[in-house]
Amino acid sequence: MKKLVILLLITSAFSCKNAQLAASKDNSDPTKYMKVITEKDLKTMLYVVASDEMEGRETGSKGQKKAGLYMIEQYKKNGISFPKGAKDYYQPIPAAFLNARRNENLPDSENIWAYIEGSEKPDEVLVISAHYDHVGIKNGEVYNGADDDGSGTVAVMEIAKAFAKAKKDGHGPKRSILFLHVTGEEHGLHGSRYYSENPLFPIANTITDINIDMIGRRDVEHAKSNNYVYVIGADRLSTELHNTVVSQNEKYTKVDLDFKFNDPKDPNHFYERSDHYNFAKHGIPAVFFFNGVHEDYHGKGDEPQKIEYDALTKRAQLAFVVAWDLANRENRPVVDKPIK
């Protein structure tokens, strides 16, 4: 009997050690999974999301709902479920909320979410967001919003696919990741505001929001090269988040980081104009990746054939490697600056 007890103790200790080793797999290098994000797949999805069939994805419209169904199909195809604690891929938002601040007669709408649970710190959640609405149809013309924000929408989907592949290979993120497609951005950041006020996971457990809004084109300031991205907000609350963006870019993507619009005195106030802001105002560190405005901004010419898919791919990969670090690092980014 004594020998049997000792044998059981040894077996138990060995099993525990193996479990610890499995849980602590080396996730230091995202290069393999960064390459899962491809021009081909981004282009294929964007030509669907920003097609005339989606009727400009106006908030709550039939076309937006159709785009949402396509997005959910892609998540299912890649084995990515809706979040734990949710009944499906939708966070319903009532018309009363969407119209409370200024009544635009918007119908009920919904955020769309998908989720990969963390292996070691599942209660800590990284949010990767993009809005999937646009401005609909005007004077019989469909405004397809390929860059705004079809580009961010498909980038989030590709980033999710890359993390799913990593998890399948035994290198899943150590923290949980919520892939959040928000509605109502064009009418006043309503979808992200709704989530921040009605979060599925406690805001206190949300470590960062990476927000992607327009990353498929270039602006006049960068006419000679599309190898850039504007980085907005990363240092407003957390020096660590800013340093993570810079270091991950230096290691893996080598995009020119332009901080022009991060200036608090910037007259455009881009920091307050996209969905990350509804996280930042609750004290959650946030970074906004953006290509700047161009001649087709909110115009009918914002079409998928004008997207620069090499730039879209590289910027999506940058967002991915930043997410990879945040999801796998030992500690969440420290908030060392006051909310403004």
Side-chain angles (χ1 to χ4, degrees), residues 27-31 33-35 37 124-130 149 151-152 155-156 158-160 162-163 173-175 177-180 206-216 218-219 221-222 225-264 266 268 270-280 283-292 311-337 339-340:
N27 282 3
S28 58
D29 188 356
T31 305
Y33 301 106
M34 178 180 80
K35 293 177 180 177
I37 299 169
E124 293 188 9
V125 181
L126 169 66
V127 176
I128 306 177
S129 62
D149 184 28
S151 62
V156 171
E158 274 290 275
I159 290 167
F163 274 109
K174 296 178 181 181
R175 290 180 176 84
I177 305 176
L178 180 67
F179 304 96
L180 183 63
T206 304
I207 68 159
T208 300
D209 173 47
I210 297 174
N211 186 48
I212 309 172
D213 190 354
M214 297 177 59
I215 59 166
R218 73 176 83 184
D219 65 4
E221 300 293 326
H222 300 85
S225 174
N226 63 20
N227 189 47
Y228 77 95
V229 70
Y230 290 108
V231 179
I232 303 172
D235 67 348
R236 297 291 183 101
L237 294 174
S238 174
T239 303
E240 256 187 287
L241 177 57
H242 170 85
N243 291 342
T244 296
V245 173
V246 171
S247 63
Q248 292 297 97
N249 180 59
E250 286 177 351
K251 286 180 190 175
Y252 302 111
T253 45
K254 296 178 171 54
V255 173
D256 291 333
L257 304 180
D258 193 326
F259 296 97
K260 174 183 177 180
F261 295 133
N262 193 46
D263 185 345
D266 170 45
N268 297 285
F270 287 124
Y271 178 65
E272 294 86 6
R273 286 172 55 185
S274 193
D275 293 295
H276 60 281
Y277 185 65
N278 280 319
F279 290 89
I284 306 305
V287 59
F288 170 26
F289 293 117
F290 177 53
N291 55 219
L312 172 55
T313 303
K314 205 165 187 182
R315 292 162 183 163
Q317 289 173 340
L318 169 61
F320 170 75
V321 296
V322 171
W324 182 275
D325 179 85
L326 295 171
N328 289 299
R329 64 192 297 156
E330 184 176 352
N331 298 308
R332 61 190 288 173
V334 173
V335 176
D336 59 355
K337 297 181 181 180
I339 302 171
K340 293 180 181 178

Roughly how far, to the nearest 0.5 Å, is the [atom2] atom of [Y] from the [atom1] atom of [X]?
X	Y	atom1	atom2	result
N278	E272	CG	CD	11.5 Å
L312	E158	CG	CD	9.0 Å
Q248	N243	CD	CG	11.5 Å
I284	L241	CD1	CG	11.5 Å
F270	Y277	CZ	OH	15.5 Å

Least distance between heavy atoms, [X] atom then [Y] atom:
X	Y	answer
Q317	I37	NE2-O, 3.2 Å
K254	K314	O-NZ, 4.1 Å
A130	I212	CB-O, 3.3 Å
I159	A319	CD1-CB, 3.8 Å
G283	L237	C-CD1, 3.8 Å
K337	T239	CE-OG1, 3.5 Å

Pair H242-F259, side chain to side chain contact (heavy atoms under 4.5 Å, CB included): steps then yes or no: CA-CA 11 Å; H242 170 85; F259 296 97; 3.6 Å; yes

Quick one: does any side-chain atom of [X] pair with a main-chain N or O of [Y] as donor and acceptor, under 3.5 Å?
X	Y	answer
S238	V334	yes
N291	G216	yes
S151	I215	yes
D149	M214	yes

Would you please say whether a donor-acceptor pair under 3.5 Å links the side chains of S225 and N227?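 Note: S225 and N227 side chains miss the donor-acceptor criterion.
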
Is a donor from one side chain sitting under 3.5 angstrom from an acceptor on the other, for S129 and D275?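 Judged by distance alone, the side chains do not pair up.
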
Is there a side chain to side chain contact (heavy atoms under 4.5 Å, CB included) between V229 and L318 once you walk through the steps? CA-CA 10 Å; V229 70; L318 169 61; 3.7 Å; yes

May I ask you to test the [X]-[Y] pair for a side-chain heavy-atom distance under 4.5 Å?
X	Y	value
R175	N328	no
N211	F289	no
R236	P264	yes
Y228	D219	yes
N268	R273	yes
N262	V231	no

Full working for ring pair (Phe, Tyr, Trp, His ring centres under 6.0 Å) between Y271 and F288: CA-CA 8 Å; Y271 178 65; F288 170 26; 8.9 Å; no

Please lay out, stage by stage, how M34 and T253 fare under the test side chain to side chain contact (heavy atoms under 4.5 Å, CB included). CA-CA 9 Å; M34 178 180 80; T253 45; 4.0 Å; yes

Go through V156 and F320 one step at a time and tell me if the side chain to side chain contact (heavy atoms under 4.5 Å, CB included) criterion holds. CA-CA 9 Å; V156 171; F320 170 75; over 6 Å; no

Residues forming a side-chain contact (heavy atoms from CB on, under 4.5 Å) with D258, sequence neighbours excluded: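 So D258 forms a side-chain contact (heavy atoms from CB on, under 4.5 Å) with H222, Y230, K260.
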
Is the NZ or CZ atom of R315 positioned over F290's six-membered ring, under 6.0 angstrom from the centre and within 45° of the axis?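 So R315 doesn't make the cation-pi contact.
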
Run through L126, T244, V127, I128 and flag the one making a side-chain contact (heavy atoms from CB on, under 4.5 Å) with T208.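 Checked L126, T244, V127, I128 against T208; only one passes side-chain contact (heavy atoms from CB on, under 4.5 Å): L126.
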
Salt-bridge present (R329, E240; N to O < 4.0 Å):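 Salt bridge present between R329 and E240.
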
